[in-house]
Amino acid sequence: MARRLARPPVTAHGEDFSFVSPLVKYLLFFFNLLFWMISMVMVAVGIYARLMKHAEAAMACLAVDPAILLIVVGVLMFLITFCGCIGSLRENICLLQTFSVCLTVVFLLQLAAGVLGFVFSDKARGKVSEIINNAIVHYRDDLDLQNLIDFGQKEFSCCGGVSYKDWSQNMYFNCTVDNPSRERCSVPYSCCLHTADQAVINTMCGQGMQAVNYLEASQFIYTNGCIDKLVNWIHSNLFLLGGVALGLAIPQLVGILLSQILINQIRDQIKLQLYNQQHRADPWY
């Protein structure tokens, strides 16, 4: 009798008892399944957009291609959520730990990028300027990039990086005398001032604008660069950006929390199974 009383409380659980909560298990599974499907759509859209481009354009601007960015983010999300899906469904500790570690690394990288961007704002501004100038150079090489730049210039009411004359960096808009392009000394139509009742967009409205001074050009186009506009927009919308950052962080933290809870439950279940196996032959069990 003393031997029976000395047993741990775990013997009170029957053979059908499980520490693994179905709620946590399937909540984590469907959570990952949702983002797994989103990642596949992102990869498919990125590959389709990439294949639709000319080979020369594809090799010319890999660093600024939105399609490549979409593919890379989609593949990373696919691999991470795959570990979460299969790990939760099969109760695999190794896959769940991989999922949790990857999410933690991504979260810390995002946090570090935000802190470094705030602390080293001047260097961050220089990097943004470099990206914008590179995009201006390849404006005509990539239709997706062209649409992205046009959208940004129209939304922020800006033109070029620092000023509208930055468009001279593009070989088609270059203002040198020996440039044979019909767009010489021009700026894209997205730099032009448009009225609300304008039914037809004049795509040649930026013709020759780089050859005139700021005061004269400001009557027809946006003369301020997009870098200053972007910085001002960020300063004016810090709460919005904070909300977006929080919205991105919450799913990651939820995924990390659920995976750690499930890992602990699986470990407890394994201990219970080992305990039952060790004492199954015991006549007092």
Heavy-atom pair of closest approach, residues Lys165 and Val212: CE-O, 3.9 Å

Passes side-chain contact (heavy atoms from CB on, under 4.5 Å), Tyr139 versus Tyr172? Steps please. CA-CA 9 Å; Tyr139 176 76; Tyr172 297 97; over 6 Å; no

For the hydrophobic clusters of this structure (ILVMFWY residues joined by side-chain heavy atoms under 4.5 Å, transitively), does one cluster hold both Val75 and Ile47? yes

Can you tell me how far the OG atom of Ser218 sits from the OH atom of Tyr164, to the nearest 0.5 Å? 8.5 Å

Count the heavy atoms belonging to other residues, nucleotides or ligands that lie under 6.0 Å from CE of Met40, then report whether that count exceeds 12. yes

May I ask you to decide if Glu130's main-chain N or O and Asn133's side chain share a donor-acceptor pair within less than 3.5 Å? no

Partner of Ile221 under side-chain contact (heavy atoms from CB on, under 4.5 Å), chosen from Cys192, Ser190, Ser186, Cys205: Cys192

Donor-acceptor list for residues 19-33 side chains, cut-off 3.5 Å, not counting sequence neighbours:
| from | atom 1 | to | atom 2 | distance (Å) |
| --- | --- | --- | --- | --- |
| Ser21 | OG | Leu23 | N | 3.4 |
| Lys25 | NZ | Glu91 | OE2 | 3.0 |
| Asn32 | ND2 | Leu28 | O | 2.8 |

Side-chain donor-acceptor contacts of residues 230-245 below 3.5 Å, not counting sequence neighbours, with atom names and distances?
| from | atom 1 | to | atom 2 | distance (Å) |
| --- | --- | --- | --- | --- |
| Asn232 | ND2 | Asp228 | O | 3.1 |
| Ser236 | OG | Asn232 | O | 2.9 |
| Asn237 | ND2 | Trp233 | O | 2.7 |

Leu76 reachable from Ile68 in the ILVMFWY side-chain graph, under 4.5 Å edges: yes

Are Trp167 and Val177 connected into the same hydrophobic cluster when the rule is that any two of I, L, V, M, F, W, Y join if their side-chain heavy atoms are below 4.5 Å apart? no

Can you check whether Leu258 reaches Leu262 side chain to side chain, under 4.5 Å on heavy atoms? no

Single-linkage hydrophobic cluster Ile80~Leu253, side-chain heavy atoms < 4.5 angstrom: no

Side chains of Pro188 and Ile149: does their closest heavy-atom pair fall under 4.5 Å? no

Roughly how far apart are Ile93 CD1 and Gln265 CD, rounded to 0.5 Å? 11.5 Å

For the Cys pair Cys158 and Cys191, is the SG-SG distance shorter than 2.5 Å? no

For Phe220, side chain to side chain contact (heavy atoms under 4.5 Å, CB included) partners two or more places apart: Met209

Should the heavy atoms of other residues, nucleotides or ligands under 6.0 Å from CZ of Phe156 be counted, would the total exceed 12? yes

Would you please name every residue forming a disulfide bond (SG atoms under 2.5 Å apart) with Cys185, sequence neighbours left out? Cys175

Considering all heavy atoms, the nearest Lys154-Tyr189 contact: NZ-OH, 3.8 Å

Under 30°, 30 to 60°, or over 60°: which ring-plane class applies to Trp36 and Phe78, parallel, tilted or perpendicular? tilted

Would you indicate whether the side-chain heavy atoms of Ile38 and Thr81 approach each other to under 4.5 Å? no

Who are the side-chain hydrogen bond (donor to acceptor under 3.5 Å, both in side chains) partners of Asn147, not counting sequence neighbours? none

Non-hydrogen atoms of Gln252 and Gln110 that approach each other most closely: NE2-OE1, 3.1 Å

On a heavy-atom basis, which atom in Asn179 and which in Met171 lie closest, and how many Å separate them? ND2-O, 3.3 Å

In terms of heavy-atom contacts, does CE of Met37 have more than 12 from other residues, nucleotides or ligands at under 6.0 Å? no

What is the minimum heavy-atom distance between Ile266 and Asn92, and which atoms define it? CD1-N, 4.4 Å

Would a hydrophobic clustering, with Ile, Leu, Val, Met, Phe, Trp and Tyr connected at side-chain separations under 4.5 Å, put Tyr222 with Leu215? no

Interatomic distance, CD@Glu183 vs CD@Gln207, rounded to 0.5 Å, equals 7.5 Å

Within a strict 4.5 Å, meaning less than it, do heavy atoms of the Ile132 and Ile136 side chains meet? yes

Could you tell me which non-hydrogen atom of Gly160 sits nearest to which non-hydrogen atom of Gln153, and how far apart they are? N-OE1, 3.0 Å

Do Thr176 and Asn174 get their side chains close enough for a donor-acceptor pair, meaning under 3.5 Å? yes

Count the heavy atoms belonging to other residues, nucleotides or ligands that lie under 6.0 Å from OH of Tyr214, then report whether that count exceeds 12. yes

For residues 96-109, tabulate all N or O donor-acceptor pairs below 3.5 Å that involve a side-chain atom, not counting sequence neighbours.
| from | atom 1 | to | atom 2 | distance (Å) |
| --- | --- | --- | --- | --- |
| Thr98 | OG1 | Cys94 | O | 2.9 |
| Ser100 | OG | Gln260 | NE2 | 2.8 |
| Thr104 | OG1 | Ser100 | O | 2.7 |

